[in-house]
Structure formats: C-alpha cells, structure tokens
Visitor: 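Starting off with a structure, shown below.
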Number of protein chains: 2
Amino acid sequence: MTKTTLKDIAKALNTTIATVSRALHDKPEISDSMKNRVKEVANLYSYKPNATALSLKFQKSYRIGVIFPKLSHYYVTQILSGMLIEAGKNGYKMLIAESNYNQFKELEYIKEFYELNVDAILILPSRKLSLVKDKLENLIRDDIPFLIIDRIIKFDQKTVPSIASDDYGGTTEGIKHLIDNGYKKIAHLRGEESSTLANVRYYAYRDCLLKNNMELNPDWVILCNKFNKAEGEALAIRLMSLENRPDAIFCISDVVAVGVLSGLKKAGIRVPEDVAVLGFSNSDLAEVCYPTLSSIHQPGVAIGKKSIRLLLSNINMKKNISRENIVMKTKVIVRESTSRIALSGTNSFRT
Amino acid sequence: MTKTTLKDIAKALNTTIATVSRALHDKPEISDSMKNRVKEVANLYSYKPNATALSLKFQKSYRIGVIFPKLSHYYVTQILSGMLIEAGKNGYKMLIAESNYNQFKELEYIKEFYELNVDAILILPSRKLSLVKDKLENLIRDDIPFLIIDRIIKFDQKTVPSIASDDYGGTTEGIKHLIDNGYKKIAHLRGEESSTLANVRYYAYRDCLLKNNMELNPDWVILCNKFNKAEGEALAIRLMSLENRPDAIFCISDVVAVGVLSGLKKAGIRVPEDVAVLGFSNSDLAEVCYPTLSSIHQPGVAIGKKSIRLLLSNINMKKNISRENIVMKTKVIVRESTSRIALSGTNSFRT
DNA sequence: ATGTTAACCGTAAACGTTTACGTAAAATAC
DNA sequence: GTATTTTACGTAAACGTTTACGGTTAACAT
C-alpha cells in the first residue's frame, strides 16, 4: 500500500527510471509504444510524483509562508482567504504561523520559514515588530521574496516592499461623510502614537477637519490601548460627560466602535440621531450590531490576492519584488450608525 | 549568499559530508577536535540543515494539512489557533486549504495533501461532504492519520476517528437554563434535516423539553438554510406573529440569533424580558451585540489542540489513530439575552 | 612480532526525481 | 557496403541529507 515511485514502474516494465520519467513527461526521445506502456502502468499503480523529491531537485517548494498576529481577526481571515484563492490557482500551498503580537515569535517564524525553504514570506506585522527593526532587517534575505502587509517599516539599508490599504484616503472619505451628514463635532478614539497605522488615521482625521474648518478639540481625541468593547464603552461615556460634547465618534476599529455604541446606549444617547459612530475595517461585527455600524472597508481579500500575485511574479526571478509600497483602495460603507436620514433597505456590501 | 550545505563545510575542512554530518550530530565516532572544527565552521557559515532533504530522507514532512469550509468563521479560527499552538510546540507546521463548502474541492485538497506528503490530515467537513461519502472513503489511506473534526461520518468499511464538541450535552444544558429561568415556550431555529449536526441539536432540544414536560409545538421549530442575519430576523418576526407565541428562541448559530435579536427589536419585543434568545457556538458576536447573547460555547481552541495531540501520538506508529469519536465538553455562557434577573458585572468568558 | 581492538574517518547507498551525456541499433545516405 | 544520421534508451550525476559498512592507523595485549 506504499506510494509507487518511478522505480516501481521501471521494474514492472524492465526498464530504467530515466525512461519512465521521460515517458511521463512526453519527451520526444521516447517511442510511442514505450510511452503507452509506461503510462498504462503508471495509471494502474496510480503513480503521483513525490513532491518532496521535486522540491529538493528544483530547490523550490511551492509553499508560501505567512505570519499574522491573530487569526481570529476578521480582517486577517479576509486577507488569508484572498491569499489562498490566488495561491491555489497557481499550485502553491500556504504555511501559516500565528505570532500573537509577540515580535520575537515573529522573528522566529521568519527564520523557520527560511529553513523550510518556502518560496516567499508574507507578514502581517504586529506593532511591536518595529521595535526590533534592526534584527528584522538583518533577517530578510534577498533571494526570497518578502512582503510586509498593512504596515510600513522603514529600514536603513534595505527597502522592503509592502502593501497596505489606503487608510488616509479611507479616513478622509469617512470624515467627509460625517461632515456631509451634518455632524459638526467629530471625536476620534485613536491608537497609540507609536503606531504608524494609528498615526496615519489620525493625521487624515486632523487634516480633513482642518481643511473643512471644523472644530478640532484635543479633548475629543483619546488614545486606546486595549482595543476592546469595554474600552470603547468607557471612552464613549467619558466623551459624553464633557461639557462640550462631540456629536460624532470616529473609532480606530469596529470593536471599539461597538463598545462606543454600547456606552452611548447606557448613557441614553441615540445613534445616529444624537451622535454618529464610525468604525474602521468593516468587520463582520458592523452588520450585526445595533444599530448597524458604518465603517471604512479595507479590501482584505483584494490585498491577499494582490500580495500573492506580486510574490509569484517575482519568485521565478529569484529577487525581491519591485520595491514599491502598494496602496489598495478603501471605501466607506454607510450603515445606520451615521445616517440621520433612514437608510432604505440594507446596505449589504459583503457577499 | 546561497544556503550553506554539508558539502560546503566539508570542503572548507578538507573532509567529507559524512564526517560533518556526524560531527554535527555529536556521534561518538568523531573526535572532539574534529567536532569542534566542524561546529565552528558550521556556525561561521550559519549552517541550517535543509528541511526538504530531511523530508525526503526520512519520509516525513513535519507538515500537517488542514481543510476547512470558511476561514472567516470564528469557530474555525479558534480551532486553527489551537492547532497552531500544539503543532508549533512539536515542530510541526500547518498547511491550510479553504473549501468554501464545496465537497469536490474538499476531495481535491485531500488528494493534494497526500501528494504533498503531509504527515496527517485534518478536515472540518462541510455538510455536503457526506454526499460523496463513498469517494471520501476510498480516498482515505491507512498509513497517514486522518481526523474528522466536528462532524461524524459513518463509513461502510472504514472507521475514521473524529472529534467533536458535545452538542447534545451543551444543548441540553442550554435548554435547561432557559427552563430554570422561567421560560416556558421554547422555540428552535434549526438546521436542515440532512445535517447530523443540526439533528443532534434538535434531538437534544426535543428530548429536554419532553423530559421536563414542556410544550413541544411543531410551529416553533423552523428550518434555517441561509444561516445569516436576515434569515434570523425574518424567522423571529414569523414566530412572533403566531397566535401561540414562544417566549424563548434557541438558535442553531450566533449569527441567526443576532438576526433574531434584530427581528424582535423591530417587532417591539423586549429581550430578555419578553423573549429569551440563546445562540450556539459562543462566537465573538455574542459579546458585541445588544443585548449580549447567551450562547453555548464550543471549545474550539481545545478541540484544535486535542486534534493535533491525537495525530502526533499516532504519526510515529504510521497507523491511523484510535478509532474513537472523541467528544469535548461544551458550556452555556450566560449573558443578557436569557437573564431576566439583571446580570451583575459582565461575563467575560473569553480572555 | 603478531593478533586484537579501539578510535576515527571515508565510501557509497538511499530517499525520488530530472537531465546531460553516452551508446547501441536501426534507418538513411551515397 | 560503408559512413552518417536518427531513434531510443541506459548511465550517472545532481539536489542535501543520514547511516551501514569498510578501511586505516595507532594502541594494546600476548
């Protein structure tokens, strides 16, 4: 019941593995009669080439390694799904590793993947990874494509390509949407200042308010660090206890936004009539909470697909991919939480 | 900049790869001086054994393949995370494939994984897979451990081990909880009758009602087939339009339950005062919806870990694992949607 | 001085492929 | 009928390991 090899077929036909191999590959130097006999036996034994042997021979594993902080984040699963689709189309398999926001594990996994002869490495870095930037830089090899997703890390020596969603554009569009809907005092629950991602979103928020001559109140900008529902709830209540209350809250993530919704409800404040709430990422939560949450859609699946396409186009050239930072379009998905005028029908963006 | 091999080290030391290999493995037949010299050079060249070559040599890949229907389901990510933890501990990597509920893709992926020489295969089958039971049965080999997760498929010839959560027990506990809280007319939005999973939950629901002399009204048992929010919403409204209204709704999934919450709100019905809602799976949705949703927790992470442990314990024996069907404990997580008496504090089950 | 043993290392086969090179027989050329 | 080409296949090396087996030298025993 063991797997049949070229040797088995060769023995059965009293020939050599070279001939068998060539016959199966339809090489011209093999006679038709031999080809037929070989194929017949191969079929009979249901021969399948040994992938490991091929890997060794061609120094190519048809495997792509991807590292992410946490699998249970909707956005991560979307990106991975996109990768799986595109990788599958091209005969590649995905090896996965979860870092749990531990930068040392991230470095470990990168090393491991190199040792496992993956053909490319993708990483969705945690914020902390930039703390060991120098170590990371030393680790990255030039012979195997490496791609950083959704985060831009500036190295001293190397330029490593990256792909990310257009958070600045998306945020701008989102804030504009709030302004267009008549909200005048827009607050922002932002991420830590050490996070490029959080900064980009904050800058977009700030710039957009300035450009539109809106009030930019420092009391309305609060740092998150737990990014969970409880934090959103607490911060919403804090915002509502200000003398000069905001009438809209733009949140760094959907989970925080859901917390805000909950906090506002506890404070007896109506959404979207009194206060609008805008999330970020357009996760699956946005459609199930009450009221449904407007959010800035990050094209996870598209990013995943694009990532793999980028890598594959360069795997064969054995050099790292075009050193650009690719930016993918975002989009504001309007739902109930920001719509003073009732929405007609549901906005079912997701399929 | 190419990877260093045994050959490189051997050449540098004017010896042979055999000696180098043995020195690195601290074999007794190598002198200490040679060992030191070899290790020094190996270190200098930062030698790492080639995993592909080892795979070929030992006919072992240290890779485990897992197939699941959809990555973006919270429960799936939980199971996978558990697998990743346990696999990582043992030096195994996970290869993943998403079937999108397509049974032919599932069969395809199984074949592919066999060809890729994975050391074990895990599958979270879609309901449809049982439709091609015979093909599946023929595919499964005896020399590589195979494990079915969260679904029991009875084969004619083979007995394939499986692991699943105790849905019967969990449901029983859940219905009892409803009864204990004074709900007397319990409805059930169930899955299709072709689904073993849905049937188990229904049977538990039915048995528990009978055992407790509760009303078992056929009008209160409705089939779902879309399992999305809209369906839950519509069915809730339908239930509330009955003359003999239920006062509790047990749902096949959290998403459906969230839809029910929404439908009840639209119908102006209070939860949990008028009607209780109980979900299944205890997904991340349960904590963010309003009111928060009581749900039956399936131990995803534990199932993932246990699965890998089972497989690993049998990989070395090159035979399939103990042919039992392992059942993992479930648990009712009580939140607002079933608690007529206000909950004190939040029930933060998840870490 | 010879045999025995231990210490140490090299040779080569094996895992399953692909393919450059060599070679025998058959076919073609003149 | 000999030279040349073509056809068709075998040999062996290569990918990077591990390891059974063999061999050489030196130490030790008798």
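Lettering follows sequence order; numbering is per chain, from 1.
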Visitor: Atom CE of B:M34 and atom C1' of C:dG10: how far apart are they, to the nearest Å?
Guide: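 From B:M34 CE to C:dG10 C1': 10 Å.
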
Visitor: Could you check how far CG of B:L13 sits from P of C:dG10, rounded to whole Å?
Guide: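 Taking atom P of C:dG10 as the reference, CG of B:L13 is at 10 Å.
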
Visitor: Can you find a pair of side-chain heavy atoms, one from B:P69 and one from B:L124, that are under 4.5 Å apart?
Guide: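 In short, these two side chains touch, coming nearer than 4.5 Å.
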
Visitor: May I ask you to establish whether A:K60 and A:Y62 are in a cation-pi arrangement, using a distance under 6.0 Å from NZ or CZ to the six-membered ring centre and at most 45° from the ring axis?
Guide: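 Yes.
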
Visitor: Nearest-Å distance, CD1 (B:I30) to C1' (C:dG10)?
Guide: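 Computing the B:I30:CD1 to C:dG10:C1' distance gives 10 Å.
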
Visitor: Tell me: CG of B:L24 to P of C:dC9, nearest whole Å?
Guide: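 Computing the B:L24:CG to C:dC9:P distance gives 14 Å.
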
Visitor: Any donor-acceptor pair under 3.5 Å linking the side chain of A:D8 with the backbone of A:T5?
Guide: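 Indeed, once roles are kept as given, a pair shorter than 3.5 Å links the two residues.
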
Visitor: Please name the pair of heavy atoms, one in A:L107 and one in A:L139, separated by the smallest distance, quoted to 0.1 Å.
Guide: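 The pair with the smallest heavy-atom distance is O-CD2, 3.5 Å.
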
Visitor: Between protein and nucleotides 17-28 of chain C, map the contacts as a letter string: B base, S sugar-phosphate only, - none, heavy atoms under 4.0 Å, written 5' to 3'.
Guide: BBBB--------

Visitor: Indicate, with a heavy-atom threshold strictly under 4.0 Å, whether B:T15 touches base, sugar-phosphate, or nothing.
Guide: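 Sugar-phosphate: the residue B:T15, judged by heavy atoms under 4.0 Å, touches backbone atoms but no base.
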
Visitor: What's B:T16 touching, base or sugar-phosphate or nothing? Going by heavy atoms closer than 4.0 Å.
Guide: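 Answer is base: heavy atoms of B:T16 come under 4.0 Å of a base.
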
Visitor: Please name all residues satisfying side-chain contact (heavy atoms from CB on, under 4.5 Å) with A:A87, sequence neighbours left out, ordered by chain then number.
Guide: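 A:A87 satisfies side-chain contact (heavy atoms from CB on, under 4.5 Å) with A:Y92, A:M94, A:I308 once adjacent residues are dropped.
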
Visitor: Does D:dG16 have OP1 or OP2 sitting under 4.0 Å from an N or O in the side chain of A:Q59?
Guide: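 A:Q59 to D:dG16 OP1/OP2: side-chain N or O found under 4.0 Å.
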
Visitor: Checking salt bridge (charged side-chain N to carboxylate O under 4.0 Å, His left out) for the pair B:D32/B:K39: CA distance, chi angles, key distance, verdict?
Guide: CA-CA 10 Å; B:D32 287 346; B:K39 285 178 185 172; over 6 Å; no

